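Accompanying notes for the structure given below.
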Amino acid sequence: MVMFSAPGAGSSYVMEHLINWDSEDLDHDPMYRLLFPTLQMLSRRHQQQLLEARASEDPFALEAAVKDIRSDLNPQPAGQLTLNRPKSVELHGIQHKYAETCLLFPSAGQTCHAYCTYCFRWAQFIGDDDVRLAQKDSVAFLRYLGEHPELSDVLITGGDPFIMRVGLLKSYLGKFVDPSFLPHIRNLRFGTRTLTFWPQRFTSDQDAHELLDFLQQLVEVGGRSVDIMGFVPRQPSRKREVQLGIIPYYMFLARDTGAQDYFSVPLARAHQLYADAIRQSSGLARTARGPSMSCTPGKVEISGIEIVNGQKSFVMRFLQCRDPSWIGRVFFAKYDETAIWFDELEPLDGGSVLPWDSRGFLRPGTPEEVLATLAQ
Ligand SMILES: *Cc1c(COP(=O)(O)O)cnc(C)c1O
């Protein structure tokens with residue numbers, strides 16, 4: 001796809017084991033669809049723009065068209081570069097949106113074993129330093145954690161942090177083996193597909209054992225919890241997942257970036273899919289929250305569809321929020337069969353206010369203050 005600079009779709013493991021090449025309809029093989037871009041993932045206007053530029057046989061025109069299309073695709077949605085990042089040049093690769101969790105984008109971990117067509121972090125991979133999050137300076141990163149006692153979690157992400165050699169990982173995280181080092185940081189999470197896209201990383205890669213030893217030390221000596229935020233394609237049955245210690249976490253909706261139009265599912269349909277899946281799962285696997293929109297104010301779950309004051313309504317809830325006082329709060333919006341994103345929602349007639357304004361920013365004030373505006 002034009003959005004990504006990487007030529008192939010993924011590692012040899014992904015090619016050989018995750019895609020069913022014998023499938024009668026490869027185009028509808030889910031892994032093929034998730035890993036191989038097609039022109040249909042662009043809007044008609046962008047397809048035309050790209051094809052015209054290509055027909056011109058002028059490489060500069062093609063490059064300009066690609067650049068233009070990319071900038072139209074909202075490379076860093078939900079204020080990631082403006083609202084989530086500390087205003088300091090040494091902290092170019094961290095995001096701190098929710099009080100307790102800091103995201104780290106280590107600069108050497110900003111590539112992947114495969115480039116997913118729905119990736120909402122595609123701007124990391126187009127070679128544009130203006131939109132790319134990358135943290136080189138590990139000292140500044142650790143100093144930031146020290147200055148923020150409200151933090152308990154670091155989520156190391158990318159790209160894929162397990163692309164990095166252990167030596168590099170240790171330059172950011174090595175000190176956490178000492179339990180007295182920043183003891184408020186209790187959970188080290190890795191946002192990674194390596195477990196399923198390159199499992200050799202933990203078995204036969206040159207530093208596989210050193211990696212496992214390091215993770216074990218973080219837990220057993222450092223007293224940290226080490227968690228993998230992974231992706232399990234071609235899911236085993238949910239009961240088997242639970243037996244393996246894999247806990248379903250979030251069901252996310254396609255974000256408002258990249259190929260959102262191609263992958264989007266209406267909120268109403270997503271809620272139906274979620275409810276159907278939950279109904280068929282063991283209670284132990286009902287830990288998945290969602291369907292959820294990761295948007296400017298926070299993570300918003302579609303919790304239900306109900307009649308409120310005689311109107312068909314979405315019942316929603318903040319799972320995460322920039323302002324922690326909203327977390328867990330329930331609110332309502334008019335039911336809309338075709339809406340795919342939070343900014344399309346409207347308050348109920350004569351009886352509700354949405355927690356965000358028309359630009360999608362969280363309204364200032366506590367939930368009580370915002371709800372009090374209703375009385376006026
Ligand atoms: C999802 C997310 C987190 C982690 O949220 P949890 O609900 O604790 O998993 C942290 N920061 C950002 C920017 C996120 O989008």
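Computation of the quantities below employed the complete heavy-atom set of this structure, encompassing side-chain atoms and omitting hydrogens, waters and symmetry-equivalent molecules. For ligands, and for the atoms within them, numbers begin at 1 and follow the listed sequence. Along the sequence shown, residues carry numbers from 1. On a predicted model such as this, the values are computed, not experimentally measured, just so you know.
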Just distance, no hydrogens or angles: give the donor-acceptor pairs under 3.5 Å from side chains in residues 319-327, sequence neighbours left out.
from: Gln320; atom 1: NE2; to: Glu100; atom 2: OE2; distance (Å): 2.9
from: Arg322; atom 1: NE; to: Thr296; atom 2: O; distance (Å): 2.8
from: Arg322; atom 1: NH1; to: Asn84; atom 2: OD1; distance (Å): 2.9
from: Arg322; atom 1: NH2; to: Ala78; atom 2: O; distance (Å): 3.4
from: Arg322; atom 1: NH2; to: Asn84; atom 2: OD1; distance (Å): 2.8
from: Arg322; atom 1: NH2; to: Thr296; atom 2: O; distance (Å): 3.2
from: Asp323; atom 1: OD1; to: Ser325; atom 2: N; distance (Å): 2.9
from: Asp323; atom 1: OD1; to: Ser325; atom 2: OG; distance (Å): 2.8
from: Asp323; atom 1: OD2; to: Ser325; atom 2: OG; distance (Å): 3.2

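Ring to ring, Phe162 and Phe202 are close: their centroids are under 6.0 angstrom apart. A ring-centre distance under 6.0 Å is not found for Tyr13 and Phe197. In this structure, Tyr144 has its ring center under 6.0 Å from that of His96. Here Trp356 and Phe361 keep their ring centres 6.0 angstrom or further from each other.
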For ligand 1, what N or O to protein N or O distances fall under 3.5 Å?
from: ligand 1; atom 1: 5 (O); to: Gln320; atom 2: NE2; distance (Å): 3.4
from: ligand 1; atom 1: 7 (O); to: Tyr249; atom 2: OH; distance (Å): 3.4
from: ligand 1; atom 1: 7 (O); to: Tyr250; atom 2: OH; distance (Å): 2.5
from: ligand 1; atom 1: 7 (O); to: Gln320; atom 2: NE2; distance (Å): 3.4
from: ligand 1; atom 1: 8 (O); to: Arg189; atom 2: NH2; distance (Å): 2.7
from: ligand 1; atom 1: 8 (O); to: Gln320; atom 2: NE2; distance (Å): 3.3
from: ligand 1; atom 1: 9 (O); to: Arg189; atom 2: NH1; distance (Å): 2.8
from: ligand 1; atom 1: 9 (O); to: Arg189; atom 2: NH2; distance (Å): 3.4
from: ligand 1; atom 1: 9 (O); to: Tyr249; atom 2: OH; distance (Å): 2.5
from: ligand 1; atom 1: 15 (O); to: Lys299; atom 2: NZ; distance (Å): 2.8

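Using a 4.0 Å cut-off between a side-chain N of Lys or Arg and a carboxylate O of Asp or Glu, Glu344 and Lys334 do not qualify as a salt bridge.
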